[in-house]
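In this chain, numbering begins with 1 at the start of the sequence shown.
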Amino acid sequence: MDYLVRNWTYVLFVGILFIVNTQLLNDVAWIWGGAETTLVEQAQAGTESGLTVDILRISNAANDLNTWGLRFPGLIMVVLAGLIFGWIGYRLFGWNLVLSAVLVWFGNLGLSTLAKIGSSDIWLFFGQTLILMGMLAFLKKPSALYRLITYVGILLATWLDPFSTIILVMVSSLGFVFFHPNGKSYFSLHPWAILGLAMLALWATESLHWSSETFYLGWGRSSWGQFSLWMVISQLPFLGFFVAGVWDSIQKARKKEEWSILQLVLLLAAWSAQSPAILIPISLLIGKHLNDYFLKNYPHGNIIKTVQLLHLVGFFFLATLLMLGGFWQYRGTGFRAGMAFSAVYWMLSFAGVIGLYGYNRRFVLAGLILSGVLATSIFWLQVFPILESQRISRVVIQQIDNIGTDRTDVFVDSSLIVTAPSLPLYIAKEGKKVVTDRKSENEPPEIIIGFPELDIHRMEKDTITGLSDQLSPVQLVLSYGALQ
């Protein structure tokens with residue numbers, strides 16, 4: 001019997017930890033700048049149509065700035081995507097490979113982060129998961145059910161991000177048609193026709209939005225380098241298996257091996273579309289090599305061991321910098337938080353490397369998978385609270401509360417909105433009105449917030465230091481009282 005089928009309770013345990021990670025401190029972390037702030041602003045304004053905006057408006061999480069309500073749909077989407085992946089994947093690849101790939105899902109550093117952010121990315125991940133798994137299943141066994149799953153995925157993903165979905169569907173389907181032995185079956189699936197009908201229907205209902213700003217990933221939102229970096233960092237605990245898997249697939253695709261063609265087509269399609277669904281072929285790729293590593297005459301063992309060892313040594317130096325930086329910035333608290341995070345990740349990764357050299361499957365699966373899952377938990381419980389307490393929006397609001405004025409107008413320098421996009425939302429939540437145009441007022445409001453070089457300020461000045469939403473140092477001046 002397959003190893004992971006016999007030890008299914010371990011998979012369940014890791015899955016529970018993953019779900020917990022997606023919810024840790026979601027009610028504490030303030031809204032992030034970029035897509036999350038845009039989503040809330042559009043829901044409050046009620047002027048922009050879109051699936052995620054409408055759901056947020058219905059739930060009333062936007063008006064209340066309820067961050068838990070804003071982010072909870074991410075858990076639903078990732079669970080539904082996992083169920084679809086497991087249900088179809090079992091029929092295509094068998095339980096052992098599917099369970100291995102699911103463990104990689106749980107252990108990678110990118111998926112839980114996407115599920116913790118109230119953006120449209122995790123919704124697109126679900127929609128494009130339906131597309132990829134439906135198309136794979138139809139390729140193996142054409143049926144009405146797999147056709148329906150593919151069509152639903154295309155409709156949902158096109159509604160969310162038409163440009164990314166066009167690239168994903170076209171590259172993957174054409175890749176299968178030209179390079180896979182059964183690729184001609186897509187002429188009966190007609191994914192191109194459904195894609196066109198979906199776009200036509202959205203255009204007719206004025207719901208077709210080409211450049212929604214409610215995403216962090218995707219064309220025009222992140223560069224190729226940023227997306228590729230996110231892809232690699234998300235798989236950091238399994239980097240050796242990822243490198244070996246890509247190299248193995250390239251070699252075998254030249255020999256027309258079906259599995260390698262499938263993996264490379266899906267990887268290329270998802271990478272071209274800058275789709276978060278790239279985690280699907282990556283997880284299948286890594287999961288397969290996690291299993292194959294313990295077979296006799298496995299050809300890429302040296303690649304895996306070398307890359308994992310280099311990753312271990314590299315992270316040791318990175319951990320040293322993290323602990324020293326934490327001590328320099330936050331003294332003992334920062335050092336202890338950095339040490340807890342680094343020690344958990346490094347020691348479990350070290351156990352995984354020992355398992356690789358000793359060919360101990362238990363050490364490999366426990367060390368590599370848990371290094372990602374438990375390090376994520378430690379980050380949110382130990383490291384993140386320190387960073388959150390220093391975020392500039394939170395620090396400014398606390399200072400405004402300390403002033404205690406009854407005046408409602410607050411002038412915010414427009415250039416500051418780039419650094420702290422969610423600040424106006426929290427100022428409005430305090431019952432105050434944000435003013436960004438100084439010409440609209442005869443006299444500047446009682447409270448003025450801006451960078452030190454701002455040319456209008458009042459007599460009483462407080463210098464505020466904190467972190468931007470990109471976690472870079474920021475210094476502001478908050479002034480109040482009489483005019484200078």
Side-chain angles (χ1 to χ4, degrees), residues 1-15 17-18 82 84-109 111 132-133 136-137 140 234-253 255 257-267 278-309 311 348-349 351-373:
M1 184 181 290
D2 292 331
Y3 182 83
L4 285 175
V5 176
R6 295 197 309 268
N7 296 276
W8 63 270
T9 53
Y10 172 66
V11 181
L12 179 62
F13 168 71
V14 177
L17 288 179
F18 172 81
I84 292 293
F85 177 79
W87 177 64
I88 295 180
Y90 158 68
R91 286 160 172 76
L92 297 179
F93 312 117
W95 271 124
N96 203 50
L97 176 54
V98 167
L99 291 178
S100 298
V102 167
L103 280 177
V104 176
W105 268 37
F106 296 152
N108 83 67
L109 305 176
L111 188 56
L132 295 184
M133 297 308 296
L136 278 178
K140 288 290 186 178
S234 69
Q235 307 303 324
L236 204 56
F238 321 102
L239 195 56
F241 289 92
F242 178 56
V243 173
V246 172
W247 176 246
D248 181 72
S249 294
I250 292 174
Q251 287 184 317
K252 291 181 178 177
K255 302 176 183 178
E257 188 201 56
E258 181 184 7
W259 168 265
S260 299
I261 292 174
L262 285 175
Q263 293 305 302
L264 290 180
V265 167
L266 292 182
L267 272 172
I278 198 171
L279 297 179
I280 293 173
I282 287 178
S283 298
L284 286 170
L285 198 67
I286 294 174
K288 183 177 186 300
H289 286 267
L290 273 173
N291 292 333
D292 292 350
Y293 180 83
F294 298 96
L295 300 177
K296 289 183 178 179
N297 301 320
Y298 176 71
H300 306 299
N302 289 334
I303 294 177
I304 292 175
K305 287 184 284 190
T306 300
V307 175
Q308 289 297 130
L309 190 59
H311 154 259
L348 287 171
S349 297
V353 170
I354 291 176
L356 289 175
Y357 279 89
Y359 291 91
N360 187 314
R361 190 191 299 262
R362 181 177 298 178
F363 269 49
V364 170
L365 291 178
L368 300 186
I369 303 298
L370 290 178
S371 68
V373 177

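- Within the 4.5 Å cutoff, the side chain of Asn7 has no heavy atoms near those of the Leu99 side chain.
- Taken to the nearest 0.5 Å, the OG atom of Ser349 stands 11.5 Å off from the CG atom of Leu309.
- Under the 4.5 Å side-chain criterion, counting only non-hydrogen atoms from C-beta, Val353 is not in contact with Lys305.
- Taking the side chain as every heavy atom from C-beta outward, His300 and Gln251 approach each other to under 4.5 Å.
- Leu284 contributes atom CG, which lies 6.5 Å from atom CE of Met133 (distance to the nearest 0.5 angstrom).
- Summarising the geometry, atom OH belonging to Tyr3 is positioned 10.5 Å from atom CG belonging to Asn96; distances are rounded to the nearest 0.5 Å.
- For Tyr357, the OH atom is densely surrounded, since the number of other residues' heavy atoms within 6.0 Å is greater than 12.
- In this structure, Gly240 and Ile304 approach most closely via the heavy-atom pair O-CG1, 3.6 Å.
- Across Val98 and Phe85, no two heavy atoms sit closer than the pair O-CE2, 4.3 Å.
- Nearest heavy atom pair, residue Ala366 against residue Tyr10, reads CA-OH, 3.3 Å.
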Does the pair Lys140 and Glu258 meet the rule for a side chain to side chain contact (heavy atoms under 4.5 Å, CB included), with working shown? CA-CA 11 Å; Lys140 288 290 186 178; Glu258 181 184 7; 2.7 Å; yes

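- Residue Gly287 comes nearest to Leu97 through the heavy atom pair C-CD1, 3.7 Å, listed as atom of the first residue, atom of the second, then distance.
- Other residues, nucleotides and ligands contribute at most 12 non-hydrogen atoms within 6.0 Å of the CH2 atom of Trp247.
- The CD1 atom of Ile286 sits 8.5 Å away from the CG atom of Leu239 when rounded to the nearest 0.5 Å.
- Side-chain contact between Gln235 and Val104: present, with at least one pair of heavy atoms (C-beta onward) separated by less than 4.5 Å.
- Nearest approach of Ser249 to Ser260, heavy atoms of both residues: O-CB, 3.4 Å.
- At least one side-chain heavy atom of Leu365 sits less than 4.5 Å from a side-chain heavy atom of Leu4.
- In this structure, Arg362 places its CZ atom where only 12 or fewer heavy-atom neighbours from other residues, nucleotides or ligands lie under 6.0 Å away.
- Within the 4.5 Å cutoff, the side chain of Leu266 has no heavy atoms near those of the Ile280 side chain.
- Rounded to the nearest 0.5 Å, atoms CG (Leu111) and OG (Ser234) are 9.0 Å apart.
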Between Arg361 and Asn291, is the side chain to side chain contact (heavy atoms under 4.5 Å, CB included) condition met? List the steps. CA-CA 9 Å; Arg361 190 191 299 262; Asn291 292 333; 4.1 Å; yes

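- The main-chain N or O of Pro237 is found under 3.5 Å from a side-chain atom of Gln308 such that the two form a donor-acceptor pair.
- Using a 4.5 Å cut-off on side-chain heavy atoms (C-beta onward), Phe294 and Val364 make contact.
- Within the 4.5 Å cutoff, no side-chain heavy atoms of Trp8 are placed close to those of Trp95.
- Heavy-atom minimum distance, Ile369 versus Leu103: CD1-O, 3.7 Å.
- From Phe93, atom CZ reaches atom NZ of Lys288 across 11.0 Å, with rounding to the nearest 0.5 Å.
- Of the possible polar contacts, one joining the Tyr293 side chain to the Leu356 backbone as a donor-acceptor pair under 3.5 Å is found.
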